[in-house]
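Remember, it's 1-based here, ligands and their atoms both numbered in the order they're listed. Index from 1, following the sequence.
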Amino acid sequence: MTAKVIYIEHNGTKRIVDVPIGQTVMEGARGHAVPGIDAECGGACACATCHVYVDEQWIDMIGAASSNEIGMLEFAAGVRPNSRLSCQITVTDRLDGLIVQTPESQH
Ligand code: FES
């Protein structure tokens with residue numbers, strides 16, 4: 001089972017990826033060569049280089065960030081209210097159609 005995740009680059013390039021349920025939004029990007037997500041710590045919530053902006057219409061569905069994630073987001077550049085770390089978002093069937101935008105830079 002997969003869910004579609006739509007990754008939109010800073011320049012507007014859009015990629016629709018079938019991400020296996022249970023993988024994270026970060027893993028879905030890395031597994032399909034989606035640029036703009038560095039994920040230097042490999043998903044341990046310890047680097048903030050998997051920063052994405054979650055489309056407003058999906059923010060409630062994603063659920064709240066953990067205190068760990070909120071703390072790590074302080075190290076990301078260009079943080080906005082809809083910023084999240086994509087390694088902390090697990091894809092479920094309810095997230096089919098999720099839209100995330102990658103920031104201009106992860107540093
Ligand atoms: Fe490092 Fe997400 S991959 S915080």
Report summary line: SG (Cys47) to atom 1 (Fe) of ligand 1 to SG (Cys41), nearest 10°, is 110°

Query raised in the report: Can you find a pair of side-chain heavy atoms, one from Asp18 and one from Lys4, that are under 4.5 Å apart?
Result: yes

Query - Main-chain N/O of Thr24 paired to Thr90 side chain as donor or acceptor, under 3.5 Å - result: no

Query raised in the report: Taking non-hydrogen atoms only, is Ser86 closer than 4.0 angstrom to ligand 1 via side chain, backbone, both or neither?
Result: neither

Query raised in the report: Where's the contact between Cys45 and ligand 1, heavy-atom distance under 4.0 Å: side chain, backbone, both or neither?
Result: backbone

Requested in this report: For Cys87, counting its heavy atoms only, list the atoms of ligand 1 lying under 4.0 Å from any of them.
Outcome: 2 (Fe), 3 (S), 4 (S)

**Report entry** Closest protein heavy atom (residue, atom, distance) for atom 3 (S) of ligand 1
**Finding:** Gly43 N, 3.3 Å

Query - Ile62-Val17 co-clustered via ILVMFWY side chain contacts under 4.5 Å - result: yes

**Report entry** Nearest option to atom 4 (S) of ligand 1, as decided by whichever heavy atom of Ala39, Ala76, Ala48 sits closest
**Finding:** Ala48

Query raised in the report: Is the closest side-chain heavy-atom distance between Leu95 and Val19 below 4.5 Å?
Result: no

Requested in this report: With heavy atoms of Cys50 as the reference, note each atom of ligand 1 found under 4.0 Å away.
Outcome: 2 (Fe), 3 (S), 4 (S)

**Report entry** Polar side chain donor-acceptor pair, Asn11 to Thr13, under 3.5 angstrom
**Finding:** yes

Report task. Determine whether Val54 and Val25 make a side-chain contact, defined as any pair of heavy atoms from C-beta on separated by less than 4.5 Å. Result -> no

